[in-house]
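Okay, so here's the structure we're looking at.
Both ligands and their constituent atoms are indexed starting at 1 by order of listing. Model, not experiment: these values are computed from the prediction. For the numbers below, each heavy atom of this structure counts, side chains included, while hydrogens, waters and symmetry mates do not.
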Amino acid sequence: TDLDSFIAGLPKAELHLHIEGSLEPELMFALAKRNGIAIPYASVEDVRAAYAFSNLQDFLDIYYAGADVLRTRQDFHDLTTAYFERAAADGVRHAEIMFDPQTHTARGIAFETVIEGLLSACAEAEANHGLTSRLILCFLRHLSEAQAFETLAQAEPWLDRITAVGLDSSEIGHPPEKFARVFAAARDKGLKLVAHAGEEGPPAYVHEALDILHVDRIDHGNRSLEDVALTDRLAREGMTLTVCPLSNLKLCVIDRMEDHPIDRMLEQGLHATINSDDPAYFGGYVADNYRAVAAARGLTRAQLATLARNSFIGSFLPPDAVSAHL
Ligand code: ADE
Ligand code: ZN
């Protein structure tokens, strides 16, 4: 339709994408075969059938298990290249890609293997599609502060090629405050900071991400709307929220897409953006996310253009590059 092509044609940045969450079942099977690994699924359909989640933890268990097929630098390269192909087709001009090194180093895969595979794919995407990118190293919040520090130390040789650190995995019971010191250390090294907050966790976790971690963006942030003072503050400070509609639906943050708060966020002055989070698991890439909320909430073209514009403004590109995209 007309609206579909309008959405695909909107230049956009993707700011919330876990590269491990872009592992399509077909690639999972291909990598399992290439690496001689047995996987607990009989077919691609069988894998897709397993992707029915009641909450974040249900998803995380399956997502960490799926990542086991990623073993070599070539695997990480191929995974990332497959994402860039889909992103380019969706009108993505710039992507800030999260990766979870601890998911891999815990299995004996070297940090170097992971990041060099990602970096070579990033260079190719820029050469082949003009698609620019940045990397965001995420700490798994269910692991300890000491393990996060260890991961930051492993990243040291690549810090000039890592733009930010982030915080993901099981939110409830692992408040931002747990990572105050490692985020301060990352900030001292010149890294930008993001954190998942207010996806399943309470508005208090968003307050902590702002006041204790001093983040530059909030990932998700949905539950901020429960706190009027917090909502006003986020709007006043121009804080970017990286919202993920299909993820919200699949992880039962909302019951129906018709309930999605994206347009209320815009009305309240929040700098919301649309992103895919883990597209292979949640049923769609970034343009699918725009289309899903556009249909369910009757978004106007002006609102969709605002969301796309917000994605460049909220990116970690330098101001001249942001301007060039607007
Ligand atoms: N890791 C990958 N996707 C995530 C999400 N939506 N929330 C927390 N951790 C994640
Ligand atoms: Zn996420």
State if M98 counts as touching ligand 1 under the rule of any non-hydrogen atom under 4.0 Å. no
So, do F59 and F282 have ring centers that fall under 6.0 Å from each other? yes
By atom name, which N, O or S atom of D277 is the nearest to the Zn ion (ligand 2)? OD1
Could you see which bit of E20 sits under 4.0 Å from ligand 1, with heavy atoms only: side chain, backbone, both or neither? neither
For the residue pair H196 and H174, is the inter-centroid distance of their aromatic rings smaller than 6.0 Å? no
Got an N, O or S from H16 under 2.8 Å of the Zn ion (ligand 2)? yes
Selection from Q57, H18, E171 by shortest heavy-atom distance to atom 4 (C) of ligand 1: H18
Just jot down the ligand 1 atoms closer than 4.0 angstrom to any heavy atom of L60, in number order. 1 (N), 9 (N), 10 (C)
In the protein, what heavy atom is nearest to atom 3 (N) of ligand 1, and what distance, to one decimal place, separates them? D278 OD2, 2.6 Å
Is a donor from one side chain sitting under 3.5 angstrom from an acceptor on the other, for E112 and W158? no
Ligand 1 atoms nearer than 4.0 angstrom to some heavy atom of F59 are 2 (C), 3 (N)
Among all the protein's non-hydrogen atoms, which is closest to atom 7 (N) of ligand 1, and how far away is it? E199 OE1, 2.7 Å
Distance only, no hydrogens: is a donor on one side chain within 3.5 Å (strictly under) of an acceptor on the other, for S144 and Q147? yes
Does a donor on one side chain and an acceptor on the other come within less than 3.5 Å for E96 and H94? yes
Provide, to 0.1 Å, the distance between atom 9 (N) of ligand 1 and the closest protein heavy atom, together with that atom's residue and name. S169 N, 2.8 Å
Shared hydrophobic cluster, V286 / Y281 (ILVMFWY, side-chain heavy atoms < 4.5 Å): yes
What residue and heavy atom of the protein are closest to atom 6 (N) of ligand 1, and at what distance? D277 OD2, 2.7 Å
Have a look at ligand 1 and work out which part of L56, if any, has a heavy atom under 4.0 Å from it: side chain, backbone, both or neither. side chain
Would you say the side-chain atoms of N275 and N289 include a donor-acceptor pair closer than 3.5 Å? no
Give the atom numbers and elements of ligand 1 that come within less than 4.0 Å of a heavy atom of Y63. 1 (N), 2 (C)
Could you tell me whether the Zn ion (ligand 2) has an N, O or S atom of C244 under 2.8 Å away? no
Could K12 and Y290 be counted as a cation-pi pair, given that NZ or CZ must be under 6.0 Å from the ring centre and within 45° of the axis? yes
Quick one: do E24 and Y83 satisfy side-chain hydrogen bond (donor to acceptor under 3.5 Å, both in side chains)? Show the steps, please. CA-CA 9 Å; E24 291 288 342; Y83 164 70; over 6 Å; no
